[in-house]
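These numbers come from the heavy atoms of this one structure, side chains and all, not from hydrogens, waters or symmetry mates.
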There are 2 protein chains.
Amino acid sequence: MKKTVGVSPKVNSDLTAKARIRNAAFALYANYGEDATSMRAIAEAAGVTVGLVVHHFRTKDGLREVIEQHIVDLFFGAIKQVPLEGTTAEIAAARDEAVADMLSDNPAVVGYLRRALLDPMGHRGRILEMLTDLAAKQVATLRNVGVASKAHRDSSQVIGVMIRQLGQLFLQPMVDSMWSQLAGPNAAEDDKPLLVVKVQES
Amino acid sequence: MKKTVGVSPKVNSDLTAKARIRNAAFALYANYGEDATSMRAIAEAAGVTVGLVVHHFRTKDGLREVIEQHIVDLFFGAIKQVPLEGTTAEIAAARDEAVADMLSDNPAVVGYLRRALLDPMGHRGRILEMLTDLAAKQVATLRNVGVASKAHRDSSQVIGVMIRQLGQLFLQPMVDSMWSQLAGPNAAEDDKPLLVVKVQES
DNA sequence: ATCAACACTATACGAATGTATAGTATACTA
DNA sequence: TAGTATACTATACATTCGTATAGTGTTGAT
């Protein structure tokens, strides 16, 4: 009974073994966490042996580095593709939507980040810092083409962007669990409460 | 260099070994997660040997059961102590405050729940179900003394109570990290953005 | 065709883990 | 005071883990 979590084998089967290993590890990390995922489980999910995982990525640290860089690339790719046209607000909104689309296409990103960000003591990577930097740079380019916002507001805006997008996704599984326990598994979906997360400037 | 996380040794030292083991395990689980905490680490933090941990709790499952029951007791104790006087809204508000106080007195509860609830695939306990049940019962007693709310709204209310209380606590660490990275470690505390989490009825 | 680089497998090893067992000290009951 | 249950320690064992090493197949340039 081998389960394939998150990655479609059809898509996966004509990738290089190295890419398959990275994808398998990414999906497993997102679903079960890095510590609960053994190199042997990664190898099996990718259809190779442990030795090859070590050959391509050396250690688990190496694997995590590649995965986190991949996540940053996904964010950057999503933001990059929206043109710098229109008002600042329009650009910001278009970026929000592009990122939201990317997240919905790549659920493993959400799962991985949920674990990484909400486990401040345990996580050994630097993904939060990398993403915060990326978001800060994006806000800065926005300021260059549009109205300048007061510099000390920039930080709040960066945090606002990330929390709005991720916070809701992080907590929604908890709402879903409770909803199905309370209302029964086959209750009307449209009655389900919606989560709203926002940051308030002080 | 042995660190004592969360538990004051002064308070701890005149407890029974069994209670010390439970407290040590609770604090370690909250900070590092169950999987990353070995029985030997628990034993060392409690000042005993591994054998005694096994003697008192049999397995890690047994330990988790006791800890989760302890958490439920803390919630129940907080709610129980507010008298059923005043309007429904007043009772509900007083309960919210009692729970908030309990959470601030027992940070390990927040840490433990953050891990348990945000790790839907990995967690092996039943704490979310237990707490949802408890919250549902409390909403039900509220309905008996006050105005009846439509039954299908009860679920939303239960979810609202738990999310309002826990959601903000779960996400705030993420805001804090980003804030100190962006604004520098010694920026003015009162500029820090405030997180608001709520559920919206559909 | 040869040789070197690379992809990949097989196996092994030490460390850490959860738990079992056997034994010792301490406390309680008769 | 004797005896037994309970608290507690010490040690052992099988399993799983990350990683290292040695070897086999495969490809591609000359």
Side-chain angles (χ1 to χ4, degrees), chain A residues 1-3 5 9 12-68 115-116 119 121-125, chain B residues 1-3 5 9 12-68 115-116 119 121-125:
Chain A
M1 171 83 78
K2 88 168 81 171
K3 278 187 264 191
V5 277
N12 240 9
S13 50
D14 45 349
L15 295 177
T16 67
K18 189 171 176 179
R20 260 164 29 226
I21 293 170
R22 169 175 58 81
N23 289 351
F26 188 19
L28 287 169
Y29 282 15
N31 278 285
Y32 305 105
E34 178 178 330
D35 284 346
T37 300
S38 69
M39 308 227 79
R40 286 162 179 85
I42 295 169
E44 190 189 343
V48 299
T49 59
V50 241
L52 192 59
V53 180
V54 173
H55 174 68
H56 280 306
F57 300 94
R58 296 285 302 171
T59 67
K60 273 188 124 183
D61 283 350
L63 211 29
R64 175 168 11 83
E65 237 170 78
V66 168
I67 289 173
E68 300 202 339
R115 290 177 180 282
D119 185 2
M121 312 288 302
H123 189 69
R124 291 174 285 275
Chain B
M1 169 85 81
K2 94 167 75 171
K3 281 187 258 188
V5 275
N12 243 8
S13 51
D14 45 348
L15 294 177
T16 65
K18 189 172 175 179
R20 263 168 23 228
I21 293 170
R22 169 175 57 83
N23 289 351
F26 188 19
L28 288 169
Y29 283 15
N31 278 283
Y32 305 105
E34 179 178 330
D35 284 346
T37 300
S38 69
M39 308 226 80
R40 284 162 180 84
I42 296 170
E44 190 188 344
V48 298
T49 59
V50 239
L52 192 60
V53 180
V54 173
H55 174 67
H56 280 306
F57 299 94
R58 297 286 301 173
T59 66
K60 273 188 126 183
D61 283 348
L63 209 31
R64 178 171 5 87
E65 237 170 78
V66 168
I67 289 174
E68 300 202 339
R115 290 176 180 282
D119 184 2
M121 312 288 302
H123 190 69
R124 291 173 287 275

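- B/Y29 has its side chain out of reach of B/E68: every pair of non-hydrogen atoms, C-beta onward, lies at least 4.5 Å apart.
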Inset, instruction - Summarise how protein sits on nucleotides 14-25 of chain D as a single string, 5' to 3': B when a protein heavy atom is under 4.0 Å from the base, S for sugar-phosphate-only contact, - for no contact. - result: ---BBB------

Inset, instruction - Apply salt bridge (charged side-chain N to carboxylate O under 4.0 Å, His left out) to the pair A/R124 and A/D35, showing each step before the final yes or no. - result: CA-CA 11 Å; A/R124 291 174 285 275; A/D35 284 346; 2.7 Å; yes

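- With contacts defined as side-chain heavy-atom distances shorter than 4.5 Å, the pair B/L63/B/V53 qualifies.
- Side-chain N or O atoms of B/D119 include none that pairs as donor or acceptor with a backbone N or O of B/R115 at under 3.5 Å.
- Taking side-chain N and O atoms only, A/H55 has a distance below 4.0 Å to OP1 or OP2 of C/dA7.
- In this structure, the side-chain hydrogen bond (donor to acceptor under 3.5 Å, both in side chains) partners of B/E34, at least two apart in sequence or on a different chain, are B/R64.
- Between B/K18 and B/F57 the shortest side-chain heavy-atom distance falls below 4.5 Å.
- When the C1' atoms of four end pairs are superposed on the next four at each end of the helix from C/dA1-D/dT30 to C/dA30-D/dT1, using five pairs per end, the two resulting axes differ in direction by 0°, to 10°.
- Taking 4.5 Å as the limit, some side-chain heavy atom of A/L52 sits within range of a side-chain heavy atom of A/H56.
- Nucleotide C/dT11 holds its P atom 16 Å from the CG atom of A/L52, rounded to whole Å.
- For the atom pair CD of B/E44 and OG of B/S38, the computed distance is 9.0 Å after rounding to the nearest 0.5 Å.
- Rounded to a whole Å, the CD1 atom of A/I21 is 7 Å from the P atom of C/dC8.
- As rounded to whole Å, 21 Å separates atom P of C/dT26 from atom NZ of B/K18.
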